[in-house]
Asker: 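Got a structure for you, questions after.
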Amino acid sequence: MQTYQIAIIGSGPAGISAAARAAARDQEAGGEHTHILLESFDLHAKTIQQYQKGKLVMAEPGYLNLRSECEFEEGKRESILGSWADTIKRYNINIRYGAEAVSISGSQGDFEIKLANGDAIRAINIVLAIGVQGNPRRVGVPGSEDPLVQYQLDDPDEYNNEDILVIGAGDAAIENALALADNNRVTLLNRKGEFSRAKEGNLNAILAAIVNDGVTLKCLYSSSVKEMENISDDTLSVTLNTPDGESTLCFNRVIARLGAIAPRRFVESLGIEFPNNNPESLPELDKFYQSNVAGIYIVGALAGYPLIKQAMNQGYDVVEFINGNDIAPADQPLLEYRFSGLPFQLSVDETAERLRARIPMFDQLNALQFRELLIESSMTVTYPPGPEYTELSQKLTTIEQGMDSSMSAISITALRQEGDIIYDRGQFGTSFFTILAGEVLIESTLDDGEIVKATLERGEFFGEMSLLSGHPRLERAIAGVGCILIETPRRTMLKLISSNSAIAEGISLVFTSRELQRNFAPRTSLSQLRKLAGDIESIQLKAGEVLYREGDTEQVLYIVKSGGITLSKVVDGSDIFVHQARTSSTIGQLALMGDTARRETATATVQSEVLRLDRESFLALVQSEDAPIEALQRDVADQISSYTKMEVRPEAGKAIDFMLDEGLGEATNALIIDESLCIGCDNCEKACAETHDGISRLNRKEGPTFANIHIPISCRHCEQPHCMKDCPPNAIRRADSGEVFINGDCIGCGNCQTNCPYDVIRMTAEAPKKPGLFQWMLFALGNGPGESKGHAASGDTNQVKKATKCDACVDLPAGPACQNACPTGAAYRVTPEQYLALVEEKQR
Amino acid sequence: MIHTGILEYKKSRYFWWSLVLIIVCVMIYLTQSADDPPNGGTWQGYTTGTIGAVLIVWLSLLGIRKRNYRSRSGTVAGWTSAHVYLGASVVIIATLHSANQLGWNIHTLSYVLLLGVVLSGFVGLYYYLTLPQIALKNRNGQTRDSLFAELFELDEQGKEIATRCSSDISLMANSAIARTSIGGGVLAQLLRSDNSKVKIEQDNNQLLVENRDQARVLQIIANRIPDAARQSEVGPLRELLSVLSRRQAVIRRIVRDIQLQGMLRIWLYIHIPLTVALLIALTMHIIVTFLYW
Ligand SMILES: Cc1cc2nc3c(=O)[nH]c(=O)nc-3n(C[C@H](O)[C@H](O)[C@H](O)COP(=O)(O)OP(=O)(O)OC[C@H]3O[C@@H](n4cnc5c(N)ncnc54)[C@H](O)[C@@H]3O)c2cc1C
Ligand code: HEM
Ligand code: SF4
Ligand code: SF4
């Protein structure tokens, strides 16, 4: 059996590009294949094949140059796939389709890859480029690999007048069944007695279709497949277990949509380690993309690089690395720009090494993580006003002018003057700062108005509170003497935290120390508090999980680190809301001040994290002479009286409970309509469409209602926005003033739409142009104000669809247009602090 | 308080503005001496007239502001609050200006049109203040779309049960569902007039008869239950009756909702054209006044 020098698993952008590089090398060397490309699907690049037909594939990030044998620029899915197919031919890539790798044994120089069909492949090195989509879960009964059993559906219109069995109860199964029912007789097989995993819209659609006699679709509940047998070219006999016993039916085709098996298990089975159990964590790699198993390299989405161009560049680079060619990565020029204003003139690599040597925290990062951190972060240098400042400012302007428009997204070194405010109390920034040199001043304001100052120095960091909790900044940070800063965006930082436990622990420790300092010992130094902070336990809670119950006795107080905690109390046999504690507030301190029995039950409103402070730690803290005992006591008194007020107003409590149940517990800014004032004129929606390219980001009518409180479908600008989580080009941002918005980098992948629990994101094509207001009023031209009818529903797949959602009118000086346009005052945007006032008015 | 209505906007500040304006105008009016009786032509008359005209123009600008969605000139809610208070004060100011000298001329026409605009404005205000609560109660936490969805669901159930009833009942139930009419023209919406029909069999003829409020079909089925031909038909008949009664309740809610939403809108179709007429008459009134100086 031949032993290949490189076996590449997965023919996505990363894998194809790697194979093309290896094939090009083979051609140069004279022809013999020393590489093989294994693909489980029967076509190349399955992830791209599965994009919707005609999708415009975006080539973000624009400033990154492509380095690959394969071509790739913005274009239709079909043309990109076509050009890659050409590349496969032109370079004579040794690709094998239908070859799913299931296990790997041996070690570098002598790997053996086992395929699903039993074949084995030998290789010296392995490049793993299997992406993160996973492989479809199989039916797993006799016959499930029959050609008439398929695990995906590209184009429902391909099939006509067939008997089709669709297996599954998720969104994909429902959507496929509905689409096929137009021209075929469809049976949908649901293992359970109901559809519990489906989205609201799909659920309604399928239930309506099942009862509608006009639709040729029926559903078998609580049933499963026992076996399948091919009885002719186009007929399968399928034996089912149904509640009424076994039954055998014939179908022309079976489509199973049972979800995907995430690739992590497979990767771990190869001996590759992940830093922790967090599903978002990534395997650790060195600078050459090599994993802890020598000879196994990982590139592409699986390595944590979610865009096509990045994946392709890595595919090229990894083959060069394996061949011993230590080339500089394609993104080297970015770093040159980033470092251009630094006060030391060193090469990029030297500078990077120097930074790394100076900052203890960076020592914890491997080479790849550190490089990514530098590339994603921005750099700031500070000078006092004067000639040095002016000189550098001129130099940077010259560099900037020399950059062409494609480089507009590259950030060069930023320049500040000493004394400039880096961020201020109340701002929503979520980025994280590391001090490379010089000083930063932190000013915090105590409850009594006193300002406490602290100086941070080289190697220290700040901004972790907002990063971890999503809460606005609680202090002011000022650029001090000679300070050089790295500012790292939230997404990069979260990725690091979830994949590097040392960093996670380090940041968490500082977070805890600063929380203790802020709440209990404002004048104690951080280094003193750090020891104490090390003993403090952090508790993760799922939404709805109980932290403590009424009647429990424990002498512990909690600081809310992220999320929110609802306090409720049983009065006359029913649960009554008394308080919601948001991030960075404390609950349960009464237990440490005399009353050891809990008077309320504390439940996590949304997924949350709390710090647990027991009696010993608390006493140690408040023994220091500067402990703000009086303020703490006042807080407790305030809390008790506000809880009691809520207790006697169960109606208001119910309304708040409703709002929290609907997820407003994690909102920072939500549109609430008072239905008793709303005249249904839809001016709010029209205003939204008119100020946002003709597309309304608000659906007034839909959404839950309780009494007169209506929460329309519209973004709530969550404290920790779920939508931001897997946005490949990092296009979802948060403004300093808190608005979460999507910028022009959106590639239309739809991840945010799936991730938002409140259904507020729509994928829409650009709206048609409209005449001006006066043309419409005077000459009745075109559509009036508002979203053009039927626009969003039109299924023209040839148009680019991008994610659209409310941006709370960040760009409008007048503020939110919906609220401003409501003639009756029914539409109002509220912040969590206003929830109590909101239900107050109900008592009108 | 987070949400405030039109009248309470910013603690009713525009009520006080209007009150002050009215008092000022009354005082100006009272300075007119006895030998030069109150009249649109005195300086006092010109002053109140100018104030009135400016106010009317400003009140009309609400239509523009409402559609200028990027405007930085305050919220529409604030504008509307000011609009109703200042709009009401215009009647008093205009009356002071006219000093009750009415006749069959362009000047009086302006005054009458003004009264019309203000009157319709008050009707609209009354609707805005009262109807949303009524509509909220009527919809009972649902949206119009979800009411319709419920209706279609009941339609399907009704048709399904009808297949188990005798053919004449089945025919009737199906036709009652198919011939249910909701809404219609503007007038039909506002008056809740119901053009629903049902097909019944009489002496072997099929007749299409009115079925207002679904009353007839329910009555016939109810009558049929005690003298059903077969005992086995009673079950389906009662089911059908219950589904069609629920259907009736849903239809009532929908029709009422349509009516209320219509009322919230229809008055503007009087208020706005009258405003346009008023602006024209006002312009002529001013031109004529200056021509016959
Ligand atoms: C809807 C959508 C739209 C997107 N739009 C864009 C866009 O416009 N621009 C952009 O830059 N990015 C976009 N992305 C992201 C982009 O698709 C991914 O970043 C990219 O595909 C990652 O490439 P990859 O080679 O790492 O993995 P993949 O493309 O996922 O390729 C992995 C390949 O490995 C195969 N495979 C998996 N397991 C095995 C196995 N065990 N044995 C053999 N083969 C295996 C798979 O069949 C597949 O062909 C989008 C993503 C989605 C989901
Ligand atoms: C001379 C007097 C008035 C003039 C010229 C006038 C004119 C207007 C105009 C042009 C509009 C805009 C309608 C639209 O474009 O949708 C409007 C709306 C309205 N007017 Fe008047 N109006 C007058 C007096 C009044 C009075 C006295 C009241 C009530 C007491 C009133 C109540 C309203 C209300 C409630 C609206 C609707 C606001 C909205 O839905 O946006 N108006 N008026
Ligand atoms: S889009 Fe959804 S997840 Fe994102 S901030 Fe808005 S409500 Fe939250
Ligand atoms: S603008 Fe105000 S009154 Fe009009 S529909 Fe929206 S919330 Fe209701």
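Model, not experiment: these values are computed from the prediction. In what follows, chains are A, B, ... by sequence order, proteins preceding strands, each numbered from 1.
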Asker: Atom SG of A/Cys678 and atom CD of B/Gln133: how far apart are they, to the nearest 0.5 Å?
Answerer: 11.5 Å

Asker: Scan for salt bridge (Lys or Arg N to Asp or Glu O under 4.0 Å) pairs involving residues 125-146 of chain B, sequence neighbours excluded, and state none if there are none.
Answerer: A/Glu675-B/Arg139, B/Arg139-B/Asp257, B/Arg144-B/Asp257

Asker: Any idea which heavy atoms bring B/Pro132 and A/Ile679 closest together, and the distance?
Answerer: CG-CG2, 4.0 Å

Asker: Check whether B/Tyr9 gets within reach of chain A through its side chain, its backbone, both or neither, counting any heavy atom under 4.5 Å.
Answerer: neither

Asker: Using atom types as modelled and distance alone, determine if a side-chain donor or acceptor of B/Arg265 lies under 3.5 Å from a backbone N or O of A/Gly680.
Answerer: yes

Asker: Give the minimum heavy-atom separation between B/Thr143 and A/Glu702, together with the two atoms involved.
Answerer: OG1-OE2, 4.4 Å

Asker: Check whether B/Ser146 gets within reach of chain A through its side chain, its backbone, both or neither, counting any heavy atom under 4.5 Å.
Answerer: neither

Asker: Measure the spacing between CG of A/Leu677 and OG1 of B/Thr4 and express it to the nearest 0.5 Å.
Answerer: 8.0 Å

Asker: Donor-acceptor pair, B/His3 side chain versus A/Ile709 backbone, under 3.5 Å?
Answerer: no

Asker: Answer with side chain, backbone, both or neither: which region of B/Leu131 has an atom nearer than 4.5 Å to a non-hydrogen atom of chain A?
Answerer: neither

Asker: Kindly indicate whether the side chain of B/Tyr69, heavy atoms from C-beta on, has any atom under 4.5 Å from the side chain of A/Asn683.
Answerer: yes

Asker: First locate atom CD1 of B/Ile2, then atom CG of A/Leu836, and finally report the distance between them rounded to the nearest 0.5 Å.
Answerer: 10.0 Å

Asker: Would the number of heavy atoms belonging to other residues, nucleotides or ligands and lying under 6.0 Å from CG of A/Asp693 be above 12?
Answerer: no

Asker: Could you please spell out the steps behind the side-chain contact (heavy atoms from CB on, under 4.5 Å) verdict for B/Thr75 and A/Gln819?
Answerer: CA-CA 8 Å; B/Thr75 63; A/Gln819 169 177 332; 5.5 Å; no

Asker: Look up atom OG in A/Ser676 and atom CD1 in B/Ile134, then write down how far apart they are to the nearest 0.5 Å.
Answerer: 12.0 Å

Asker: Quick check on A/Leu207 against chain B: is it the side chain, the backbone, both or neither that has a heavy atom closer than 4.5 Å?
Answerer: neither

Asker: Hey, could you give me the CZ/CD distance between B/Arg70 and A/Glu690, rounded to the nearest 0.5 Å?
Answerer: 8.5 Å

Asker: Should we say atom CZ of B/Arg164 is surrounded by more than 12 heavy atoms from elsewhere, each under 6.0 Å from it?
Answerer: yes

Asker: Are there more than 12 heavy atoms of other residues, nucleotides or ligands under 6.0 Å from atom OH of A/Tyr828?
Answerer: no

Asker: Select, from A/Gly703, A/Pro813, A/Gly815, the one with the greatest count of heavy-atom pairs under 4.5 Å involving chain B.
Answerer: A/Pro813

